[in-house]
Amino acid sequence: MDYKKTLNLPQTSFPMKANLSKREPEILAKWDESRLYDLLRKRGKGRQTYILHDGPPYANGHIHLGTALNKILKDMIIKSRQMSGLDAIYVPGWDCHGLPIEHQVDKELGERKQSMTQVEIRRHCRRYAERFIDIQRQEFKRLGVLGEWENPYLTMAYPYEASIARELGRFFSRGGVIRSKKPIYWCSSCQTALAEAEVEYHDHVSPSIYVKFPLQAEEQARYPELAVKPASVLIWTTTPWTLPANLAITLHPDFAYVAVDVGGEIWIVAEGLLESCMKAFAIQDYTVVKTFQASHLQGLKCRHPFLERDSVLILGGHVTLEAGTGCVHTAPGHGREDYDMALEYGLDVYSPVDDNGRFTRDVDFFAGQYVFDANRNVTAKLKEVGRLILEKEISHSYPHCWRCKQPVIFRATEQWFISMDKNDLRKNTLDWIERVEWIPSWGKERIRNMIANRPDWCISRQRSWGVPITVFTCKGCGELLATPEVFDHVVALFEKEGADIWFELTAQELLPPGAACTNCGGSDFEKEKDILDVWFDSGTSYAAVLEQRPYLSFPADMYLEGSDQHRGWFHSSLLAAVGTRGMAPYRSVLTHGFVVDGQGYKMSKSLGNVIAPGEIIDKYGAEILRLWVAAEDYRDDIRISPDILKRLSEAYRRIRNTTRFLLGNLNDFDPHRHAVPYEQMEELDRFALHQLQDLVKKIRSAYDRFEFHRVYHALHNYCVVDLSAFYLDILKDRLYISSAASKVRRSAQTVLYEIVTALLKLMAPVLSFTAEEAWLYLPGSRGESVHLEDFPEENPALRDAELNDRWQTILALRSDVSRALEAARQTKIIGHPLDAKVSVALPESVQQMLNGSEELLRSVFIVSQVELRSAAELSGGVEGVEVVGAKIEVSVATGEKCERCWVHSESVGTFKEDATLCDRCHNILNPA
RNA sequence: GGGCCUAUAGCUCAGAUGCGGUUAGAGCGCACGCCUGAUAAGCGUGAGGUCGGAAGUUCAACUCUUCCUAGGCCCA
């Protein structure tokens, strides 16, 4: 007879092979169809809300692993918060304006752009953004991220654009916006401002000149060593045309500077560059007459080499010893660092160059000259006045316009700034930083340093694709018109027509009727041409989204982005909210690191180590990507490699298979009819429930603290160690052999049902697809989606400390026994553990605890016979390691192997009708 | 160059309430073996770490300090 047919073997149609890349889309379709996100909102109704406000990705290009990571993290937080009893709302968003899109559109339009109006260009930009929003939306949804995808927020939506202008109005009305000059890249042939990204570097031949700035006589007199001869500070520059705008010379605060007597005069250079300079000048005879610390020179005044003006010595860390003299010519209107120095020292941002790249009228000698032509004239002038030491040419990398390929210049123009000091913005922001929870905590330090040191926020951009700075200037007197009434009027227009209206209508048409200049009463106005920095767009999302949608609220519970956003969205949002609302827009900020390759290097095309999310989804499924996000500790950089993915997919299989085994053994189980009450369960089953409480506690606390890698490890470890290698392995005997409806089997099934239900709920935020798939195979009644469930609660009634103690001992003994069995296997005494009889001698304390539990131990060790003996009765045996003092001897089990349960027993052969069965199996098959 | 951060077995992570104390742990992977009634599954045993490197503080440091190296983000 084939006794296998009399066993209760696991049975389930839940497939072992996940086939994720095929199955996931089906699950997604089901979620779409059932409108799962709406159901979640319905479920959350009346609960406390949890608002994770989405930082908008830029609507350009496909998603990459970084954006995937970010969205999956958000999804795991939202799902776990929802399942923890909150109403976790998620409104995704997109950042739509800005240069990169305009740049792409520029490329697509090519020459056609020249003949197009700003409004037409903007239309193209809008269409471009829409296209990628659709693409990215699909890609994000494919990851299993649930949210309000049909109604996301877009920074280019009309109401959003209106909101941006409204927020800007708030800054203006409080006097927080100021106008001042700042140098930008300028292409004089295109007559346009260029952004960093629009500048290309090519080799360019420039003059290279060394120039003397004579020290003022009275300053020189302070140093007797210098007083004897004319003394000069030497500078080196490759842009002679910027010399008319020179206002200072920058020295490095830590460098030593020397005064050298070169015969007729004394020159001052950095000590570290003295030799190379003298070599360049071909001067062999020179003597150092004095060495200065840079700080001693600070504040000294030089004469401009050819203008009636001073040039002051200042200190700046950007000075290097790579080339030149260590004394850096500083023209605040023509260089980034020069400008920073001007801010620090209160120098004028002087930039006497017009849109065509020509010197303005107030430049002596060179007025009207094109700056690149002026180079040689400036040099000639220097030679004429005897200030030129050396003139050469140099080929170096120099910024060029990406469009016309001409060299560009740095030129200061009028820009709008949000002042860090008006209304105590800096101070208030620093105060609010203290009141936000930063996860990890070092985020606070990072953003605090940035806010403490940042200059005023330049919100002007000379571009097309964005929201205009909606202010006017009186043509009559130049007075600014930026009153709340004017803003309100424009905001109302934006609500209806979008920001495009600004470019379609004239200033007069954009103004409320009767608008007049507050200064001269004039009514003729010019509208501002600059558009807003896109960081202002996204930075005010709390106003456009949290405050506008009735089901959301300000401030958000959390903002969650990569660590680069300390300078980006966290930063701009904080400044904007503190500046207009007097408080931070978020209660907590969570940051994650960046995706790097297996060696910790960043992903780059040149290194060839880039992995696209799509590749992983196709090969393994989005679920593995999600598991990856969970498994890695995101506070640090996040590594990914083929090896890591392979390892994760193996771990996934293990979790899936364990789930499958659980379901398979619940095949004939109906929780409502068959569940066994706790008090009537086998003690092993009660112990398993105790262990389950540990798991619930561990995982829930990990979710609470956003430590998903702990969730992953706990989940995996539980499946492998507690279930597969222990509980389930032991249970097989009881589940398979006992009669189907027996209490001992139902006891086990009751617990298996508890376990698998809890397991699926606990894994749902991470393994969203698999949990959902398996959920449908659960016996009994259940909700329509695992995501609509709440996490299991840790139940103290299912804990039993005493039982736990006892089983910790049994576990320890079991470990010693398997070591003994392994030894016996090596020496070919046994093969399968059921071939064995285990004789155990226990130390006194344990002996008492386990006395009479032979049958229990037999099942736990999965052997055929167990006998407890005194040490003296054992001839040989293995010493216990886990249970010190224990001794374990393995021998061949007595009796024959039962054909049905495979346990060796002396009762086999004693039954006529079941000659190959043991008494247990005989009784099961022949119930009384 | 500056700010912030990271560096524990091949991989992913633990190393008690942020201020040190017995032979540094887990899972995976690997090796070897068992099983063939979770089977493109399951079980067991075992080998793997001078805790990035070097100084220092201390009776005592993976845990504190400094420097260095490598890597990441931001800025210059």
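Because the structure is a prediction, the values reported are computed rather than measured. Lettering follows sequence order; numbering is per chain, from 1.
- In this structure, the CZ atom of A:R626 is 21 Å from the P atom of B:U12, given to the nearest Å.
- When heavy atoms are screened at a 4.0 angstrom cut-off, A:S724 is found touching base atoms of the nucleic acid.
- B:A54 is paired with B:U66 under the Watson-Crick or G-U wobble criterion, all donor-acceptor distances under 3.5 Å.
- In this structure, CG on A:N8 lies 8.5 Å from CD1 on A:I737, to the nearest 0.5 angstrom.
- Annotation: B:C13 and B:U36 have their P atoms spaced 39 Å apart (nearest Å).
- Between A:K646 atom NZ and B:G29 atom P the separation is 9 Å, expressed in whole Å.
- Using a 4.0 Å heavy-atom criterion, one finds that A:I644 contacts the sugar-phosphate atoms exclusively.
- Atoms CG (A:N449) and C1' (B:G2) sit 10 Å apart, rounded to a whole Å.
- A:K602 comes within 4.0 angstrom of the backbone, heavy atoms only, and of no base.
- Minimum atom distance to the side chain of A:E632 is reached by B:U12, of the listed B:G27, B:U12, B:G71.
- In this structure, the aromatic ring of A:Y601 is not positioned over the six-membered ring of the base of B:G71 within 5.5 Å between centres and 30° between planes.
- Counting non-hydrogen atoms under 4.0 angstrom, A:N657 reaches a base of the nucleic acid.
- Between B:C59 and B:A16, the distance separating the two C1' atoms is 24 Å to the nearest Å.
- An anti orientation is assigned to B:G46, its glycosidic angle lying beyond 90° of 0.
- A:G600 comes within 4.0 angstrom of the backbone, heavy atoms only, and of no base.
- Each of B:C34, B:G27, B:A38 was ranked by its minimum atom distance to the side chain of A:R825; first place goes to B:C34.
- Nearest nucleotide to the A:R710 side chain, out of B:C34, B:G15, B:G42: B:G15.
- Among the heavy atoms of the strands, none lies under 4.0 Å from A:L715.
- In this structure, B:U45 and B:A31 make a Watson-Crick or G-U wobble pair, each of the two defining distances being under 3.5 angstrom.
- Residue-level contact check: A:H709 touches the backbone only, with heavy atoms under 4.0 Å from sugar-phosphate atoms and none from bases.
- Within the shown strands, nothing qualifies as a pairing partner of B:A38 under the Watson-Crick or G-U definition with both distances less than 3.5 Å.
- Heavy atoms only, all atoms of each residue included: A:C921 and A:C901 are closest at SG-CB, 3.6 Å.
- No hydrogens or angles considered: a donor-acceptor pair under 3.5 Å links the side chains of A:T330 and A:T250.
- Here A:Q599 lies out of heavy-atom contact (under 4.0 Å) with every strand.
- Salt bridge annotation for A:E707-A:R635: present, with a cationic side-chain nitrogen under 4.0 angstrom from a carboxylate oxygen.
- Nucleotide B:U12 forms a Watson-Crick or G-U wobble pair with B:A26, both donor-acceptor distances falling under 3.5 Å.
- Straight-line distance from the OH atom of A:Y736 to the P atom of B:U36: 13 Å, rounded to whole Å.
- Taking the P atom of each, B:U23 and B:C73 are spaced 40 Å apart, rounded to whole Å.
- Taking the ring centroids of A:W569 and A:Y559, they lie under the 6.0 Å cut-off.
- Classification of the A:F570-A:W438 ring pair by plane angle, with boundaries at 30° and 60°, yields perpendicular.
- Remark: B:A60 base-pairs with no nucleotide in the shown strands. Criterion, Watson-Crick or G-U wobble with two distances under 3.5 Å.
- Using N1 to N3 plus N6-O4 or O6-N4 for Watson-Crick, or N1-O2 and O6-N3 for G-U wobble, each under 3.5 Å, B:G1 pairs with B:C75.
- With both pairing distances under 3.5 Å, B:G18 is matched to nothing as a Watson-Crick or G-U wobble pair.
- Atoms CG and CG, on A:D685 and A:L692 in that order, are 12.5 Å from each other to the nearest 0.5 Å.
- Closest contact between the side chain of A:A725 and the listed nucleotides B:G44, B:G72, B:U12 involves B:G44.
- Across all strands, A:E561 comes closer than 4.0 Å to no nucleic acid atom at all (heavy-atom distances).
- At a threshold of 4.0 angstrom between heavy atoms, the contacts of A:K17 with the nucleic acid are absent.
- When heavy atoms are screened at a 4.0 angstrom cut-off, A:R814 is found touching no nucleic acid atom at all.
- A donor-acceptor contact under 3.5 angstrom links the side-chain atoms of A:R446 to the base of B:C73.
- Residue contacts shown for A:R660 are limited to sugar-phosphate atoms, with no base heavy atom under 4.0 Å away.
- A:L627 contributes atom CG, which lies 10.0 Å from atom CD of A:E632 (distance to the nearest 0.5 angstrom).
- Comparing atom distances between the A:M16 side chain and each of B:A14, B:G42, B:A41 picks out B:A41 as nearest.
- Within 4.0 Å of A:G664, counting heavy atoms only, lies no atom of the nucleic acid at all.
- Taking 4.0 angstrom as the limit, A:R705 places none of its side-chain polar atoms (N or O) nearer than this to OP1 or OP2 of B:U17.
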